[in-house]
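Naming convention: chains lettered A, B, ... in sequence-line order (proteins, then strands); numbering from 1 in each chain.
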Protein chains: 2
Amino acid sequence: MGSVDRRILKTREAIKKAFFELMAQKDFESITVQLISERANLNRGTFYLHYLDKFDLLDKCIEEQFNELLRVCAAQGHDQTHVPTFESLLSTTEYFEEHFLFYSCMLNSKGMPSFRDRMHQLMVEGIRDQLNMDDINKGLNKEILVQFMASAIVGIVEWWIYNKMPVPASELARELWALLERNQIHK
Amino acid sequence: MGSVDRRILKTREAIKKAFFELMAQKDFESITVQLISERANLNRGTFYLHYLDKFDLLDKCIEEQFNELLRVCAAQGHDQTHVPTFESLLSTTEYFEEHFLFYSCMLNSKGMPSFRDRMHQLMVEGIRDQLNMDDINKGLNKEILVQFMASAIVGIVEWWIYNKMPVPASELARELWALLERNQIHK
DNA sequence: GCAACTGTGTTGATTAATGAACAGTCGCAG
DNA sequence: CTGCGACTGTTCATTAATCAACACAGTTGC
């Protein structure tokens, strides 16, 4: 799959770059396809060769970002189960740090109420697969614990991003690790 | 003439950018068309649609840079004669400061003996047009004075660039102004 | 109301960029 | 010497990007 025409990759990169730059300046609804095309320095028609409209572009950007996130989360677990280790947790907080701009835009922007939901859903599915119901979790409803943890984790990330990362990624990872430990999400 | 196809401008920019980045790393002779194309992220064939070879590219880059230099030098003199003012002199030293990387590459590189000559020639022509032979210059051979000043000025610039700009642009401009004053190049 | 704008999404003819070939030159190690 | 790898300069068919045009939908302001 490395055989996509160079021009296509370059064009898509330029569009996404322009889009993110604009997202950092103004809110989603006031961004137009025209603006994106101008900033990306390409013809407006070219935009429509790759995306249906700006909503489709946003969708694909989020999709891509989430795939990257999942890749980082699972970077350790290879053919093992995807139960997190402290290392994978640290990679993940560092990933958020690195993509601060993106998540900051998405979580802050009033025009993006759906983003938080999608992230929450992603987390629910991730945790549902990983949670083991032994020992201290016996007698609890699993789905309730899943929802509880997902909301908590998304909330923490949201807080961290929204407050411009008031603690370093490493500390956040340590704190999260302790919280996961207490709730039996890891080994 | 703003009606050149976008793709052409983008491609040429990418090629020049890649070329300058490589010039900052290695000397001219060890740079290949292949390397430039890879770094610019375009097909090698595309390179030959715009330039004959790497020498032609270098030539056009120098030409372009010199045009920019002339534009800055003459920025003041509009429909007046191009006799320099202190302001235009300052713009010029600031121009060199801004394009430090380019001139540093060109003047340092052993593979570029011709560059100093071209710059010298540019200066000779510029001065020849501006020098007024009144007052204290009476009785002197004009062409000798031109050559004298051109060498002196190029030498100063060379020294300044070569030694990584040991004094700020503003000071260099002041010093040069004093030297030009003494030699009646300005009003 | 409706005229002037601004942005949309689509069209078609044209042109530039692409990748994959090619034969040729050059330096160099076996 | 000789084959080998790296780079050159050029070709060709294919594909993507371009520009200018289009009809259309919403907003704004007179």
Side-chain angles (χ1 to χ4, degrees), chain A residues 1-64 105 109-112 114, chain B residues 1-64 105 109-112 114:
Chain A
M1 284 298 284
S3 57
V4 187
D5 193 299
R6 254 188 182 116
R7 289 170 289 186
I8 293 180
L9 297 176
K10 278 190 261 188
T11 296
R12 293 200 180 142
E13 278 316 303
I15 289 176
K16 286 183 286 182
K17 181 165 177 288
F19 179 52
F20 288 147
E21 284 170 7
L22 287 169
M23 282 291 283
Q25 288 177 5
K26 38 206 315 177
D27 52 336
F28 180 68
E29 80 163 345
S30 71
I31 293 176
T32 67
V33 174
Q34 240 170 27
L35 268 178
I36 297 170
S37 308
E38 277 169 26
R39 182 169 270 260
N41 192 27
L42 37 82
N43 194 283
R44 193 165 52 84
T46 306
F47 178 96
Y48 292 104
L49 294 177
H50 298 272
Y51 303 101
L52 293 175
D53 46 36
K54 67 175 184 173
F55 303 98
D56 183 45
L57 169 61
L58 176 66
D59 252 35
K60 298 216 165 115
C61 285
I62 293 176
E63 213 60 51
E64 219 167 285
C105 282
S109 173
K110 307 152 236 336
M112 301 281 101
S114 68
Chain B
M1 286 301 283
S3 58
V4 187
D5 193 300
R6 252 185 182 120
R7 290 169 288 184
I8 293 179
L9 298 176
K10 278 191 260 187
T11 296
R12 293 201 180 141
E13 279 315 304
I15 289 175
K16 286 184 284 182
K17 181 165 176 289
F19 179 51
F20 288 148
E21 284 171 7
L22 287 170
M23 282 291 282
Q25 290 175 5
K26 36 207 312 177
D27 52 337
F28 180 69
E29 79 163 345
S30 72
I31 293 176
T32 68
V33 174
Q34 239 171 27
L35 268 177
I36 297 169
S37 308
E38 278 168 24
R39 182 170 269 259
N41 193 27
L42 38 82
N43 193 282
R44 195 163 53 83
T46 306
F47 178 96
Y48 292 105
L49 294 176
H50 298 272
Y51 303 101
L52 294 174
D53 47 37
K54 67 174 183 174
F55 302 98
D56 184 44
L57 168 61
L58 175 65
D59 253 34
K60 298 217 164 113
C61 284
I62 293 175
E63 213 61 50
E64 219 167 285
C105 282
S109 173
K110 305 153 237 332
M112 302 280 101
S114 68

Those residues that, when tested against R6(A), pass side chain to side chain contact (heavy atoms under 4.5 Å, CB included) (two or more places apart): K10(A), N41(B), N43(B)

Sequence neighbours left out, what passes side chain to side chain contact (heavy atoms under 4.5 Å, CB included) with Q25(B)? Give chain and number order. L22(B), R39(B)

Can you list the residues that meet the ring pair (Phe, Tyr, Trp, His ring centres under 6.0 Å) rule with F47(A), with sequence neighbours excluded? Y51(A)

Under the rule for ring pair (Phe, Tyr, Trp, His ring centres under 6.0 Å), what residues qualify as partners of Y48(B), not counting sequence neighbours? none

Does anything in residues 47-60 of chain A form a salt bridge (Lys or Arg N to Asp or Glu O under 4.0 Å)? List the pairs, not counting sequence neighbours. D56(A)-K60(A), D59(A)-R118(A)

Decide yes or no for L57(B) and I36(B): does some side-chain heavy atom of the first lie under 4.5 Å from some side-chain heavy atom of the second? yes

Measure the distance from [atom1] on [X] to [atom2] on [N] and round it to the nearest whole Å.
| X | N | atom1 | atom2 | answer |
| --- | --- | --- | --- | --- |
| H50(B) | dA16(C) | NE2 | P | 8 Å |
| E29(B) | dG27(C) | CD | P | 12 Å |
| E38(A) | dT6(C) | CD | C1' | 12 Å |
| I36(A) | dG9(C) | CD1 | P | 11 Å |

What residues form a side-chain hydrogen bond (donor to acceptor under 3.5 Å, both in side chains) with [X], not counting sequence neighbours?
| X | answer |
| --- | --- |
| E64(A) | K16(A) |
| K26(B) | none |
| R44(A) | none |

Report, one pair per line, the protein and nucleotides 18-23 of chain C atoms (nitrogen or oxygen only) whose separation is under 3.5 Å.
from, atom 1, to, atom 2, distance (Å)
dT18(C), OP1, K10(A), NZ, 2.9
dT18(C), OP2, N43(B), N, 3.2
dT18(C), OP2, T46(B), OG1, 2.6
dG19(C), OP1, R6(A), N, 3.4
dG19(C), OP2, R6(A), NH1, 2.5
dG19(C), N7, N43(B), OD1, 3.4
dG19(C), N7, N43(B), ND2, 2.8

Could you spell out the base pairing of DNA chain C as a dot-bracket line? Use Watson-Crick and G-U wobble contacts where both distances are under 3.5 Å, [ ] for crossing pairs, | for partners on a different strand. ||||||||.||||||||||||.||||||||

Outermost nucleotides of DNA chain D that come under 4.0 Å of a non-hydrogen atom of chain B: dC7(D) to dC19(D)

Across all chains, not counting sequence neighbours, the salt bridge (Lys or Arg N to Asp or Glu O under 4.0 Å) partners of R7(B) are D5(B)

